[in-house]
Amino acid sequence: MGAPVHGSGLRTDRPERSRRALVAGSVGNFIEWYEFGVYGYFATVIAARFFTPEGGSEVEALVKTYASFALAFFFRPVGAALFGRLGDRVGRRPVLIMVIVLMTAATTLIGVLPTYDTVGALAPWLLTFLRILQGLSAGGEFGGAVSVMTEFAPPGRRGLYGSWQSFTVALGLLGGAGVAALLATVLSEGQLGDWGWRLPFLLTLPMGLGALWLRLQLDETPSFESLREEPLPERPPGREVAKAIALGAGRIMGWAAAGYTFLVVLPSYLQSSLNATFQQALVATVLANLGFAATIIPAGLLSDRIGRRPVMLTGALLVTVLAVPLLNLLQNTGTSNAVKGGAVFVAGAVVGLMAGPGPAMLSEMFPTSVRYTGLGLAYALSNAVFSGCAGLIITETIKRTGSVDIPAYYAAVTCAVSVLALLTLRKEPVQGGS
């Protein structure tokens, strides 16, 4: 199934409304991925505070931390289905407002949670509950944000507008890494472990309030307004939508897996497997995210000119071929820091080639009547399996096999599968409102 589900109904509107929609849609993505980045960067600290009873091993605690990380991702499809159905029935705007309130509340509360030393076994359960709420809100965020961005996009600019979703992911991860690096620099290791790790989560509150204000100013999309004017809006058959969801998930699985491997799991991997310091791991992560950010918007813009398929295929093929050699450069003690920095920058950049056109590609696969639900579920399912489980799979597999090449194999194999799914995309550039 290479073509979009019939009747995609994407329309455009005045430039100022389009820009407002771009900002309001992007801000929630920034907060979501800022928090997920922070959780990944502080995984070893969180493991020690919430999952390490006296006598427990550090590796076991890290695995449990990533299990909580994965659990939040598995609630994303639930959130995508729940909020997506609401968004396709009552509108994008009210649901995106609900989502940002839930996301902000859950993330802020993590910053005030009692640790294992204070409340014992209740601590990891409280953390896991808040991670579940985050998963639900994140599941509802993507479908609504991308629907808003692409439904307001001018003709021939859906790739560019959709790429801002991915770009704010990069900004969120960079923001999280920057805050973590700053805290690691100005605080002692003891202060960071005692209370410093809470600050990045508490910073979500003012950011979330700002995002809420922006979304309260948001108009409903012209595509959804037109849909409400129809007496009986046409909905495609459920089987057709399910096939599109499965295909969409396959097309972005490499983006999901390689993105989290290179951009989020990397710090803990470098510390636990290559004996890097916390600061060294964060520097590598910042470089990877800079590479990711550098290619996203150019890739989205290019996909408006030559089509989604060649741009995304190039990214998936490059990860498949380069993942192992790039990781081997990091493992080689004789490799200079400059070369290692270049390797992680390139790793992030090739993922950006998939992430730039990805949101628009998914949006174009579904009509207005099921777009919020369809693209949200495709993204959530792919991320639940291939992003949320990345840290758990990689850490546990390295523990069992002793092979430090596991992250590269994981990224390469998933991108190879995405290549096959992306070959079903039509070759011609995507224009207008098909």
Side-chain angles (χ1 to χ4, degrees), residues 1-5 29 32-33 36 73-74 76-77 79-80 84 138-139 141-147 149-150 158-159 162-170 173 241-264 292 295-296 299-300 303 307-320 323 348 350-366 371-390 410-426 430:
M1 182 179 174
V5 177
N29 293 305
E32 172 195 341
W33 290 93
F36 270 83
F73 270 89
F74 275 99
R76 282 184 170 213
E141 172 66 30
F142 182 86
V146 173
S147 293
M149 292 175 182
T150 55
R158 292 202 297 266
S163 68
W164 277 89
Q165 188 279 336
S166 299
F167 186 64
T168 51
V169 169
L173 292 173
V241 175
K243 287 181 179 179
I245 290 171
L247 182 58
R251 287 173 176 172
I252 66 169
M253 66 182 286
W255 164 23
Y260 249 77
T261 300
F262 296 149
L263 306 177
V264 177
F292 181 55
T295 57
I296 289 171
S303 77
R308 320 295 179 217
R309 171 174 143 152
V311 182
M312 296 186 72
L313 268 176
T314 300
L317 285 169
L318 284 174
V319 173
T320 303
V350 293
V351 177
L353 295 179
M354 295 180 281
M361 181 275 296
L362 287 176
S363 183
E364 290 160 347
M365 293 179 67
F366 301 95
R371 180 171 295 125
Y372 197 140
T373 305
L375 73 90
L377 272 173
Y379 183 80
L381 287 169
S382 188
N383 275 271
V385 178
F386 302 107
S387 289
C389 292
Y410 182 69
V413 170
T414 51
C415 281
V417 176
S418 274
V419 166
L420 300 177
L422 286 166
L423 287 173
T424 65
L425 267 172
R426 60 188 184 185
V430 182

Check your understanding: Below 4.5 Å, heavy atoms only, C-beta onward: do L375 and M365 meet side chain to side chain?
Key -> no
Review point. Within the side chain of R371, is there an N or O that forms a donor-acceptor pair under 3.5 Å with the backbone of F366?
Key: yes
Exercise for review: With the side chain counted from C-beta on, respond yes when F262 and V319 share a heavy-atom pair under 4.5 Å apart, and no when they do not.
Suggested key: yes
**Study point:** Any donor-acceptor N/O pair, S163 side chain to G356 backbone, under 3.5 Å
**Key:** no
Exercise for review: Output yes when a side-chain donor or acceptor of S363 lies under 3.5 Å from a complementary backbone atom of P359, and no otherwise.
Suggested key: no
Exercise for review: Taking the side chain as every heavy atom from C-beta outward, state whether Q165 and L362 have any pair of such atoms under 4.5 Å apart.
Suggested key: no
Practice item. State, to 0.1 Å, how close M354 and C415 come at their nearest heavy-atom pair, and which atoms those are. Key: CE-SG, 3.9 Å
Point to revise | Rounded distance (nearest 0.5 Å) linking atom CD1 of I245 with atom CG of L377 | key: 4.5 Å
Review point. Any side-chain heavy atom of W255 sitting closer than 4.5 Å to one from F386?
Key: no
Review point. How close do S166 and A355 get, heavy atom to heavy atom, and via which atoms?
Key: OG-O, 2.5 Å
Point to revise | Heavy-atom closest contact (M253 atom, S382 atom, distance) | key: CA-OG, 3.2 Å
Review point. Can you tell me how far OH of Y372 sits from CZ of F142, rounded to the nearest 0.5 angstrom?
Key: 11.5 Å
Practice item. Over all heavy atoms of both residues, which pair between L263 and G348 is shortest? Give the atoms and the distance, please. Key: CD2-CA, 4.3 Å
Practice item. Give a yes or no on whether the backbone of L425 and the side-chain of R309 come within a donor-acceptor separation of less than 3.5 Å. Key: yes
Point to revise | Heavy-atom closest pair, residues A316 and L422 | key: CB-CD1, 4.2 Å
Practice item. Take T150 and E364 through the test side-chain contact (heavy atoms from CB on, under 4.5 Å) and record every step on the way to the result. Key: CA-CA 9 Å; T150 55; E364 290 160 347; over 6 Å; no
Practice item. Hey, can you tell me if W33 and Y379 have their rings parallel, tilted or perpendicular (30° and 60° cut-offs)? Key: perpendicular
Practice item. Using distance alone, with no hydrogens and no angle criterion, decide if R308 and S303 have a side-chain donor and acceptor under 3.5 Å apart. Key: yes
Practice item. Could you tell me whether a side-chain N or O of S418 sits under 3.5 Å from a main-chain N or O of G250, the two making a donor and an acceptor? Key: yes
Review point. Which pair of heavy atoms, one from T261 and one from A257, lies closest together, and at what distance?
Key: OG1-O, 2.7 Å
